[in-house]
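Shown next, in structure tokens, is the structure this report addresses.
Here the structure is a predicted model, which is why all the values come from computation and not from measurement. Chain letters run A, B, ... following the sequence lines, proteins first and then strands; every chain starts at 1.
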2 protein chains.
Amino acid sequence: MKLSNKGRYAVMALADLAKFNTNKPISLRDISLRQGISLLYLEQIFLKLKKNKIVVSARGMNGGYNLNKDASEIKISEVLNAVDEKVKTIGCTKDSKKGCNGKSVKCITHNLWDELELHINDFFNKKNLGDLIKGRNENTI
Amino acid sequence: MKLSNKGRYAVMALADLAKFNTNKPISLRDISLRQGISLLYLEQIFLKLKKNKIVVSARGMNGGYNLNKDASEIKISEVLNAVDEKVKTIGCTKDSKKGCNGKSVKCITHNLWDELELHINDFFNKKNLGDLIKGRNENTI
DNA sequence: ATATACCCGACTATTTTAGTCAAGTATATT
DNA sequence: AATATACTTGACTAAAATAGTCGGGTATAT
């Protein structure tokens with residue numbers, strides 16, 4: 001059970017964006033250099049963030065990205081969903097026909113995974129980008 | 001972020017073992033049939049469970065497995081660790097040299113993933129196999 | 001003897017993740 | 001107008017993890 005780089009990078013990049021936030025757009029090149037994330041990979045990630053209205057883009061020279069709303073209003077869950085980093089714990093309902101269907105007939109562990117999923121999503125729903133900025137100190141990069 | 005089948009199967013199989021618990025060993029064949037998990041895959045999983053002293057085996061005809069202690073004393077975290085299903089959220093400290101090292105210099109998201117890991121592990125530490133048995137009803141398989 | 005069932009390492013196929021590439025389009029600056 | 005910067009898009013590839021199989025054991029009850 002692990003978190004993917006894509007999800008991690010998305011949050012890192014947005015935190016960077018929130019930290020250096022000005023009225024001017026910030027280029028992916030800058031974020032790439034500061035956070036050590038491949039530029040090409042960042043491009044892919046930011047397309048999704050843009051589609052999900054988490055960032056707004058400015059094209060051309062001096063272009064880049066800005067947050068679409070205040071950092072404190074961007075939940076981590078929102079970010080992870082945007083880059084398709086969903087929390088999935090249950091696989092038992094996939095081959096529906098026989099066995100656990102999650103409704104009338106449940107496997108003995110079904111509720112456990114359900115609870116776990118809620119537990120994790122709850123965590124991501126309670127944290128926002130603003131929290132990350134607030135919590136940092138002088139050793140934070 | 002998802003849970004692997006291996007971890008899921010391990011918990012399912014042990015719950016099955018706890019449910020049908022008698023003084024006689026229970027064969028993997030029975031568990032395989034009841035839970036719909038490949039016998040060969042179960043063998044692989046139970047070798048690890050055995051190495052970690054979660055089950056004891058009886059070889060030969062009428063052989064099989066039994067729990068090594070009371071179901072209420074087997075934590076889910078123990079089971080998942082036994083089959084190498086660790087919770088890993090942090091990848092930023094891998095290329096140690098520059099950037100986040102998790103100690104003197106931390107990336108802005110480091111604490112977040114640390115907290116998440118604790119949050120998930122906490123969940124698994126609080127749940128045991130006994131809880132699953134207690135919580136079931138007549139529709140549970 | 002023989003069938004059952006655990007034991008063990010190696011192997012393969014599938015899926016997911018991670019990251020790259022090529023070929024654009026838009027815009028500020030010179 | 002030319003140019004460099006930087007976003008846009010879809011497809012492509014490589015690497016890693018997962019899921020599951022295979023073959024050839026050994027132990028034991030009947």
Side-chain angles (χ1 to χ4, degrees), chain A residues 1-10 12-13 17 23-33 35-66 68 80 83-89 91-92 94-95, chain B residues 1-13 17 23-33 35-68 80 83-89 91-92 94-95:
Chain A
M1 175 146 227
K2 67 179 232 274
L3 191 77
S4 71
N5 272 1
K6 186 145 65 174
R8 246 180 4 96
Y9 288 167
M12 281 173 77
L17 210 55
N23 48 342
K24 289 195 162 80
I26 293 169
S27 73
L28 293 186
R29 195 172 158 278
D30 287 352
I31 298 178
S32 167
L33 290 172
Q35 300 296 329
I37 304 169
S38 146
L39 174 61
L40 290 160
Y41 203 20
L42 273 180
E43 289 187 343
Q44 205 185 84
I45 291 169
F46 270 75
L47 283 181
K48 294 188 178 189
L49 294 176
K50 193 197 163 183
K51 262 184 200 140
N52 284 272
K53 309 260 169 79
I54 293 171
V55 295
V56 288
S57 67
R59 301 182 67 162
M61 214 177 185
N62 297 330
Y65 290 92
N66 273 118
N68 193 29
L80 295 179
V83 296
D84 304 315
E85 175 68 18
K86 302 247 172 63
V87 177
K88 275 179 281 185
T89 56
C92 42
K94 256 189 282 183
D95 46 351
Chain B
M1 174 146 228
K2 68 179 231 272
L3 191 76
S4 71
N5 273 1
K6 186 147 63 176
R8 246 179 5 95
Y9 288 166
V11 177
M12 281 173 76
L17 209 55
N23 47 343
K24 289 197 163 76
I26 293 168
S27 72
L28 293 186
R29 194 173 157 279
D30 288 352
I31 299 179
S32 166
L33 290 171
Q35 300 296 328
I37 303 169
S38 148
L39 174 61
L40 291 160
Y41 204 19
L42 273 181
E43 288 188 345
Q44 203 185 87
I45 290 169
F46 270 73
L47 283 181
K48 293 187 179 192
L49 294 175
K50 195 198 161 182
K51 262 184 200 140
N52 284 273
K53 310 260 168 75
I54 292 172
V55 294
V56 287
S57 67
R59 301 183 68 162
M61 213 178 186
N62 297 330
Y65 290 92
N66 273 118
L67 295 182
N68 194 29
L80 295 179
V83 296
D84 304 315
E85 175 68 20
K86 302 249 171 62
V87 177
K88 274 178 280 184
T89 57
C92 42
K94 256 188 283 184
D95 45 352

Apply side chain to side chain contact (heavy atoms under 4.5 Å, CB included) to A/Leu17 and A/Asn66, showing your working. CA-CA 7 Å; A/Leu17 210 55; A/Asn66 273 118; 5.5 Å; no
Under 4.0 Å protein heavy-atom contacts per nucleotide of nucleotides 5-18 of chain D, with B for base, S for backbone only and - for none: BSBBB-B-------
Any residue meeting side chain to side chain contact (heavy atoms under 4.5 Å, CB included) with A/Leu47, in chain and number order, not counting sequence neighbours: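 With sequence neighbours excluded, A/Leu47 shows a side chain to side chain contact (heavy atoms under 4.5 Å, CB included) to no residue whatsoever.
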[X]: what forms a side chain to side chain donor-acceptor pair (under 3.5 Å) with it, not counting sequence neighbours?
X	answer
B/Ser4	B/Glu85
A/Asn62	none
B/Ser27	none

Positional range of nucleotides in DNA chain C within the contact set of chain A, heavy-atom, under 4.0 Å: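 For DNA chain C, the relevant span reads C/dA18 to C/dT29.
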Under 3.5 Å, side-chain donor or acceptor atoms of residues 51-60 of chain B against the rest of the protein: list the pairs with distances, not counting sequence neighbours.
| unit_1 | atom_1 | unit_2 | atom_2 | d |
| --- | --- | --- | --- | --- |
| B/Asn52 | ND2 | B/Lys48 | O | 2.9 |
| B/Ser57 | OG | B/Lys50 | NZ | 3.4 |

With the side chain counted from C-beta on, respond yes when B/Ile31 and B/Phe46 share a heavy-atom pair under 4.5 Å apart, and no when they do not.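 Side-chain contact under 4.5 Å: yes.
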Please state how far atom CD1 in B/Ile45 lies from atom C1' in D/dT21, giving the value in whole angstrom units.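 Between C1' of D/dT21 and CD1 of B/Ile45: 13 Å.
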Yes or no on side chain to side chain contact (heavy atoms under 4.5 Å, CB included) for A/Tyr9 and A/Lys6, after CA distance, side-chain angles and deciding distance? CA-CA 5 Å; A/Tyr9 288 167; A/Lys6 186 145 65 174; 5.9 Å; no
